[in-house]
Amino acid sequence: MLEKTYDPSSFEHKLYEFWMERGYFTPKAEVGKPYFSIVSPPPNITGQLHIGHGLDNAIMDTIVRFKRMQGFNTLWLPGTDHASIATEVKIVEQLKKEGIDKHDLGREGFLQRAWQWKEKYGGRIVEQLKKLASSCDWSRLAFTMDDKCSEAVRKQFVSMYKKGLIYRGNRIINWCPVCRTALSDAEVEYAEQDGCFWHYGYTTPDGKTTVTFATTRPETMLGDTAVAVNPNDSRYTHLVGKTVIVPFVNREIPVIADEYVDMEFGTGVVKITPAHDPNDFEVGVRHNLPVIRVMNDDGTMNENAGEFAGLDRYEARKRIVARLKEMGILQKVEPHKHNVGSCYRCHTTVEPIVSRQWFVKMQPLAEPAIQAVRNGEITFHPERFAKTYFNWMENIKDWCISRQLWWGHRIPVWYCDDCCAEICEEHDPDVCPKCGGSHLHQDEDVLDTWFSSALWPFSTLGYYRDSDDFKAFFPTSVLSCGYDIIFFWVARMIFSSLYATGQVPFRHVLMHGIVRDEQGRKMSKSLGNGVDPVEFIDKYGADTLRFALINGVANGSDIRFAPDKIDGTRNFMNKVWNCGRFVLMNAEGKQLVPLSECKLSLADKWILTKLNSVIGEVTELLEKYELGMAAQTLSDFVWSEFCDWYIEFTKPVLYGTDEIARRDALSVLCYVLDNILKLLHPFAPCLTEEIYQAMPSHGESIMVERFPEQHDELRFDDDASLVEELKELVTKVRNVRSTYNVAPSKRIRLYVVPYDERIRSCGVYLAKLCNLEETVFAPAPSDEKTVKAVGVAAACEVPLGDLVDFAKEAERVAKELENVESEIARAEAKLSNQGFLSKAPAQLVDNERAKLAKFRELQAQLQARLDELK
RNA sequence: GGAGGCAUAGCUCAGUCGGUUAGAGCGCUCGCUUCACAUGCGAGAGGUCGUAGGUUCGAGUCCUACUGUCUCUACCA
């Protein structure tokens, strides 16, 4: 028997242990069997569980449990990510607190610390994920730096290198002076900042002409190697080919003409710093300009900066401006808002710097990746995210994959100190294959963490090891993640998988939004507005967390995680618990029979019909990955139909004396509850299992039961429609009671004049739900003062004696009449429209006619009543 | 600069293929310690679906423009 109060903490953990012991999460790799597979986005080992993981896992677990119950061989593979830069930043911080610089430890020592970190925090996040009741297969737990994944990284790199898709080159990259590493374009965040425009100019050697320009980064002038104008700009044509002098470094640089310069903008002159600006770099390549770096890796000025060498970049900027002013060169300073890029890990302003790095050539990889989505091999949910994807893929630039870090997959390239050969093989070389020399050293850099994440769907399944897992579960069925990592991850998995395996990594991409606070703000540490899922689960339970994140939420839209929504969800869980208690308390010790042996009552037929259609709707919605609507459909059914009406319908029988009727009612109650629990299990796994285990005839576990299917033999449309009429009537009678303040406890007499004769069979329900002491199927005697409640099935009269206020009643009836008349007008207009009659589906026209007839009948009733009252 | 989202009840949001009287939760009003649940029950009030056009027999839903708002993306020195 269930406890009186719903206390999730008393059973959630126990049930999770039970499922794990039984091995329900661990499928066998059976090649050729219908399967369903998800490979989890691996959380960073830096972190702890946050609400976004909660959402991600709630979605995946719901789908996975549904598919498992449908009989698919279902795998959900979890893992963690080494998160190269993020983790290294954290460890460096930790070391700093101990007063240690990472270089003091050396590479080996540092990596040792990193692996310790991984053991500690990687384990912690796994334990936290388990609290969500996620049914993932922990026996297959993967890590982006485990042997399998490292092997995949190595093979992919070598293969791409040999095909010329990975190359090393001097390019402008985004440099973080604090992390002291290159970053990919995707790792830079832009934000508008207040800055300045400094206007000044360079003068020709003869001192006669000055070309004026504006810049936001004056310190880069020390690396200027040209001044550019537009070739069509008549103001400057006479200067092209002349030279000007850069102050401080006294470099003589040419004035060049290049289409890149916008004549309309500013003075139409641009100073060109090929080493520190992506566009300038391109100009430099076209004009063969020298590339002069003026900054060190830590953001200080280098030896090329002359008198400013050694200064921090911002200090240098200040000094340069001051000096320019002093020298009378500075003409104007304007405030200027511009977008400044910063490191996505440490938020330092990044510096575009020319640097020798490793890149992936994207053009040839992007092409098939675009095709796979265009031709429907991969579907985005919602579809609009495909547009975002195309937008990025079609304008993609080469991907900078080398990072000047230690924690990560080291670039598998060796250089021969003797002959300068570059060696990239699957196995570490001992000697140089070119010169036979043994003086080799490995590239110092590691790979972008997303390089290994990109291989995740197939590396974890053991693609490179010819594994059964890969054969049984690939391509994976669904990828679920937030829309914020489409570029970082989704896109890169698609082209990486197509390249390596020739197959898409997944069939469906299910995108969800960001969880925000009550006011719609992002949850963040600095705002302190985050909800800690672990604390939340301790208080409300995993089921409530999951359901609150899923119920009623449309795919791809952000979620406001507000307290009243949480309360509502908790209340629903409590409701389910209590309706379970109600059924089980009544069923305890009673003999139940299969539905086929029951004499079904009207109410039974109605709820079974409703159940049947809910099964259809929920299944269809889940198959379309519309989890939010599926959950809502289900909770509406449970609360508004099963609890509010059906349970009330059964009470007269359960508390009655007819043993057979009681047995049958209980059998139906249990049947419907059993189905509800199964339908609800993917969303609220613990609650449903706990109730299920208390059911009279339960199996081993609800999670290995079959998901309910529709049964047309349990559909009784006519009876169901009668019950809908009954419900309407009950509501109207209650309305009268409420309007006239008839105490709910007072039992009254009701006169009923049926329009639908079948309503005569509903006396017992009417009596219970309207609290009647007597139901008379006849009009009220003329001397009795009554108030009428008119429905489709009948006109009821509630005797109220002196309570009847004729003016009030007339008002009430008039209002109802008004509604009905506006409906009649609407229906008449529709039916007199020739276009509607000839073009609309016949069914629709018939419906409209039937409606009109009903409304006219109602109108007559109400009119008569109104006349009577006047 | 480019792309996309959103605009529906006081608030937060659903609304699938264009087709019942546009829904829910919260809030609000009135009533109820009814033997599963006051984390509850019953009855209500509350919407010209951002604006203007268009397509259609029929538009919250499709098209065009506009207004407001948010996000992504690129980047002008």
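Hydrogens, waters and symmetry mates play no part in the numbers below; they use all other heavy atoms, side chains included. This is a predicted model, so every value here is computed, not measured. Labels below follow one simple rule: chain letters A, B, ... track the order of the sequence lines, proteins then strands, and each chain is numbered from 1.
- Atoms CG (Asn771(A)) and C1' (A43(B)) sit 15 Å apart, rounded to a whole Å.
- Here the side chain of Trp577(A) pairs a donor or acceptor atom with the backbone of Glu3(A) at under 3.5 angstrom.
- Within 4.0 Å (heavy atoms only), Ala840(A) reaches at least one base atom of the nucleic acid.
- In C17(B) the base sits syn relative to the sugar, since the glycosidic angle is no further than 90° from 0.
- The backbone N or O of Ile514(A) sits nowhere less than 3.5 Å from a side-chain atom of Asp484(A) that would complete a donor-acceptor pair.
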Can you give me the N/O atom pairs linking the protein to nucleotides 22-31 of chain B at distances under 3.5 Å, or say none if there are none?
| unit_1 | atom_1 | unit_2 | atom_2 | d |
| --- | --- | --- | --- | --- |
| C26(B) | O2' | Asp564(A) | OD2 | 3.1 |

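- For Pro841(A), counting side-chain heavy atoms from C-beta on, the closest listed nucleotide (G19(B), A77(B), G40(B)) is G19(B).
- Applying the side-chain hydrogen bond (donor to acceptor under 3.5 Å, both in side chains) test to Thr5(A) and every residue at least two apart in sequence or in another chain returns nothing.
- Considering only the side chain of Arg734(A), A43(B) comes nearest among C37(B), G4(B), A43(B).
- For the pair Lys651(A) and A36(B), the criterion of a side-chain N or O lying under 4.0 Å from OP1 or OP2 is met.
- Counting only distance, with no hydrogens or angles, the side chain of Asn529(A) and the backbone of Ser524(A) share a donor-acceptor pair below 3.5 Å.
- Distance CE/Met221(A) to OH/Tyr202(A): 4.0 Å, rounded to 0.5 Å.
- Asn847(A) comes within contact range of no nucleotide atom at all, as no heavy-atom separation falls under 4.0 Å.
- A salt bridge links Lys727(A) and Glu724(A); the closest N-O separation between the charged side-chain nitrogens and carboxylate oxygens is under 4.0 Å.
- Atom P of G60(B) sits at a distance of 14 Å from the matching atom of A52(B), rounded to the whole Å.
- Salt bridge annotation for Lys815(A)-Glu818(A): absent, with no cationic side-chain nitrogen under 4.0 angstrom from a carboxylate oxygen.
- Of the possible donor and acceptor atoms, none in the side chain of Thr273(A) sits under 3.5 Å from a partner among the backbone N and O of Ala275(A).
- Side-chain contact check for Asn230(A) and Asp262(A): no donor-acceptor pair (N or O, by modelled atom type) lies under 3.5 Å.
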N/O donor-acceptor pairs under 3.5 Å from side chains in residues 617-624 of chain A, not counting sequence neighbours:
| unit_1 | atom_1 | unit_2 | atom_2 | d |
| --- | --- | --- | --- | --- |
| Thr619(A) | OG1 | Ile615(A) | O | 2.6 |
| Glu623(A) | OE2 | Gln70(A) | NE2 | 3.1 |

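- Here the side chain of Asp644(A) is nearest to one of C41(B), U12(B), U39(B), namely C41(B).
- For C37(B), the OP1/OP2 oxygens have no side-chain nitrogen or oxygen of Thr5(A) closer than 4.0 Å.
- Each of Tyr190(A) and Ser557(A) was assigned the nucleotide of RNA chain B with the nearest heavy atom; the assignment lying further toward the 5' end belongs to Ser557(A).
- Rounded to whole Å, atom P of A43(B) lies 13 Å from atom CG of Leu729(A).
- Checked for salt-bridge contact, Glu828(A) and Arg856(A) meet the test: a charged N lies under 4.0 Å from a carboxylate O.
- Distance check on atom P: A59(B) versus G54(B) gives 12 Å, rounded to whole Å.
- Whole-Å rounding puts the Phe649(A) CZ to U34(B) P distance at 21 Å.
- Judged purely by atom type and a 3.5 angstrom limit, Arg737(A) uses its side chain to pair as donor or acceptor with the backbone of Cys770(A).
- Nucleotide U39(B) holds its P atom 16 Å from the OH atom of Tyr6(A), rounded to whole Å.
- In the set C37(B), A36(B), A43(B), C37(B) carries the atom at the smallest distance from any side-chain atom of Asn574(A).
- Put simply, CZ on Phe385(A) is 15 Å from P on U71(B), counting in whole angstrom units.
- As judged by a 4.0 angstrom heavy-atom cut-off over every strand, Glu648(A) is placed among the base-contacting residues.
- A salt bridge is defined here as a Lys NZ or Arg NE, NH1 or NH2 lying under 4.0 Å from an Asp or Glu carboxylate O, and Glu728(A) with Lys732(A) meets this definition.
- Using a 4.0 Å heavy-atom cutoff across all strands shown, Met629(A) reaches at least one base atom of the nucleic acid.
- As a whole-Å value, the separation of Ile514(A) CD1 from C13(B) P is 14 Å.
- One C1' atom belongs to G68(B), the other to G25(B), and the distance between them is 27 Å to the nearest Å.
- Within a 6.0 Å radius of NZ in Lys590(A), other residues, nucleotides and ligands contribute more than 12 heavy atoms.
- Among the atoms of the strands shown, base atoms are found under 4.0 Å from some heavy atom of Ile647(A).
- Nucleotides of RNA chain B nearest to Cys579(A) and Pro278(A) differ in position, and the one nearer the 5' end is that of Cys579(A).
- A distance of about 15 Å separates the C1' atoms of G23(B) and U61(B), rounded to the whole Å.
- No close placement of the Phe487(A) and Tyr389(A) rings is indicated, their centers lying 6.0 Å or farther apart.
- A gap of 30 Å separates the C1' atoms of U16(B) and U73(B), to the nearest Å.
- Annotation for Met511(A) and Gly482(A): closest pair CE-O, 3.5 Å, computed over non-hydrogen atoms.
- Contact annotation: Arg384(A) side-chain N/O to G4(B) OP1/OP2 distance is not under 4.0 Å.
- Nucleotides G27(B) and C66(B) have their C1' atoms positioned 34 Å apart, rounded to a whole Å.
- A side-chain donor-acceptor contact under 3.5 Å links Thr220(A) and Lys271(A).
- If you take NZ of Lys815(A) and P of G46(B), they are 6 Å apart, rounded to a whole angstrom.
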Q.
Once pairs are restricted to Watson-Crick or G-U wobble with both distances under 3.5 Å, how does RNA chain B read as a dot-bracket string, [ ] for crossings and | for other-strand pairs?
A. (((((((..((((.....[...)))).(((((.......))))).....(((((..]....))))))))))))....
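- Residue Phe265(A) is classed as a base contact, given a heavy-atom separation below 4.0 Å to a base.
- In this structure, CD of Gln519(A) is placed 13 Å from C1' of C11(B), rounded to the nearest angstrom.
- With both ends at atom C1', the span from U64(B) to U55(B) equals 11 Å, rounded to whole Å.
- Residue Lys575(A) places none of its side-chain N or O atoms closer than 4.0 Å to OP1 or OP2 of A36(B).
- Within the 4.0 angstrom heavy-atom criterion, no nucleotide atom of any strand lies near Ser822(A).
- If you look at Phe572(A) and Phe683(A), their ring centroids are not closer than 6.0 Å.
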Close N or O pairs between protein and nucleotides 58-65 of chain B (under 3.5 Å):
none

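- RNA chain B is contacted by Asn391(A), Lys397(A) of residues 388-398 of chain A, taking any non-hydrogen atom closer than 4.0 Å.
- When distances run from any side-chain atom of Thr731(A) to the nucleotides C13(B), G44(B), G42(B), the shortest one goes to G44(B).
- A close approach under 4.0 Å does not occur between any side-chain nitrogen or oxygen of Lys732(A) and OP1 or OP2 of G42(B).
- Among the atoms of the strands shown, base atoms are found under 4.0 Å from some heavy atom of Arg570(A).
- Here, C30(B) and A22(B) have their C1' atoms 26 Å apart, quoted to the whole Å.
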